There are 2 protein chains.
Amino acid sequence: METLSAAESLAALGHETRLAIFRALVQAGPEGLKAGAVGEALGLAPATLSFHLAHLSRVGLIRGRQESRFIFYSADYSAMGELIAFLTDNCCQGKACLPVSACAETTEKSSAPTGACEGESCV
Amino acid sequence: METLSAAESLAALGHETRLAIFRALVQAGPEGLKAGAVGEALGLAPATLSFHLAHLSRVGLIRGRQESRFIFYSADYSAMGELIAFLTDNCCQGKACLPVSACAETTEKSSAPTGACEGESCV
DNA sequence: TTTATATTTCGATAATACTCGAAACATGGA
DNA sequence: TCCATGTTTCGAGTATTATCGAAATATAAA
């Protein structure tokens, strides 16, 4: 994951409403939720909801699938996984900032670590 | 970490310039970097740099300490750790989206998991 | 005390993002 | 076909954020 895309994902989650939407979709599981259900749960005007869903969609954190008359949105777990991998690989000095448990290899195989994350600071 | 503060941290990192600043500070280690060095490395006008440093400071992701005539900024690893813990605790369905390695308890003791993260989906 | 350097604050401008009513666009049922 | 419902797009208004020159502040050296 390159830093532009990481910044875009972070920005997408960096808005209280969108973060709430994303959390709701995560909780809903792979099935996801109808757009309407999300709006109802969070008390959002349809246009506002659509705006934020589109934003999250555009950066790849969620996806929508049409099902009869409804559109179900669901969280894209792998996108979130990549984002977390980016943060641990690029934003943790020797992983010193990580919860101990997370102190190990990441899915991204620590692609070209930028100097940090040599791994020796794991407890 | 409550979601407002999480959203604020995410938004702070959700800007290419600030993300680059933060990464540079992480790479620099606990010593950090003089503000000027950051600006030089990234080619930022002093006022612009100051604006972004203040933003990152305000949300607690970095801190500055005066040292003689300079101000050294350094990344706050624990703040980053809390952010990552928030994401893994609140934005990962049963941690299915996590890099395998990170599939375990987090520092935050999974405070009141919101329904996700029962842990059974760990590989 | 004067001068030089480092950084921030101020102020103005430009750009971007957010909200939401109203209208348009599906899709499926009557 | 017509109607009802769910969702998006449009358009306009408002608010927030980003950029950066210039001025102000702080610290230290001459």
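None of these values were measured; they are calculated from a predicted model. Heavy-atom basis, side chains included; hydrogens, waters and symmetry copies ignored.
Rounded to an integer number of Å, the gap from NE2 of His52(B) to C1' of dT7(C) is 16 Å. Between Glu67(A) atom CD and dG28(C) atom C1' the separation is 14 Å, expressed in whole Å. Atom CZ in Arg65(B) sits about 18 Å away from atom C1' in dA26(D), given to the nearest Å. Atom CD in Glu40(A) sits roughly 14 Å away from atom P in dT5(D) (whole-Å rounding). Note: NE2 (His55(B)) to P (dT19(D)) measures 12 Å, nearest angstrom. Between Arg69(A) atom CZ and dG28(C) atom C1' there is a gap of 5 Å when expressed in whole angstrom units. Rounded to an integer number of Å, the gap from NZ of Lys34(A) to P of dG28(C) is 13 Å. The interatomic distance linking Leu42(A) (CG) with dC18(C) (C1') rounds to 16 Å, in whole Å.
Environment of CD in Glu67(A): crowded, with over 12 heavy atoms of neighbouring residues, nucleotides or ligands closer than 6.0 Å. Within 6.0 Å of CD in Glu31(B) there are 12 or fewer heavy atoms belonging to other residues, nucleotides or ligands.
Closest-nucleotide positions on DNA chain C for Ser68(A) and Arg18(A) were compared, and the one nearer the 5' end corresponds to Arg18(A). Both Leu44(A) and Gln66(A) lie close to DNA chain C; mapped to their nearest nucleotides by heavy-atom distance, the more 5′-ward contact belongs to Leu44(A).
Side-chain nitrogen and oxygen atoms of His15(A) include none within less than 4.0 Å of the OP1 or OP2 phosphate oxygen of dT16(D).
Looking only at side-chain heavy atoms (C-beta outward), Ile62(A) and Ser74(A) stay at 4.5 Å or farther from each other.
Residue Thr48(A) is in base contact, counting any heavy-atom pair closer than 4.0 Å across all strands shown.
Residues Leu49(A) and Ala35(A) approach most closely at CD2-O, 3.1 Å, considering heavy atoms. The two residues Leu10(B) and Gly14(A) make their nearest non-hydrogen contact at CB-CA, 3.7 Å.
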Could you list the protein-to-nucleotides 8-14 of chain D atom pairs, N/O on both sides, closer than 3.5 Å?
from	atom 1	to	atom 2	distance (Å)
dT8(D)	OP1	Tyr73(A)	OH	2.4
dT8(D)	OP2	Ser50(A)	OG	3.0
dT8(D)	O5'	Ser50(A)	OG	3.2

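Between the side chain of Ser5(B) and the main chain of Met1(B), no donor-acceptor pair closer than 3.5 Å is present.
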Given the rule in the salt bridge (charged side-chain N to carboxylate O under 4.0 Å, His left out) test, do Arg18(B) and Glu16(B) qualify, once you have shown the distances and angles that lead to the verdict? CA-CA 6 Å; Arg18(B) 279 192 299 268; Glu16(B) 237 192 327; over 6 Å; no

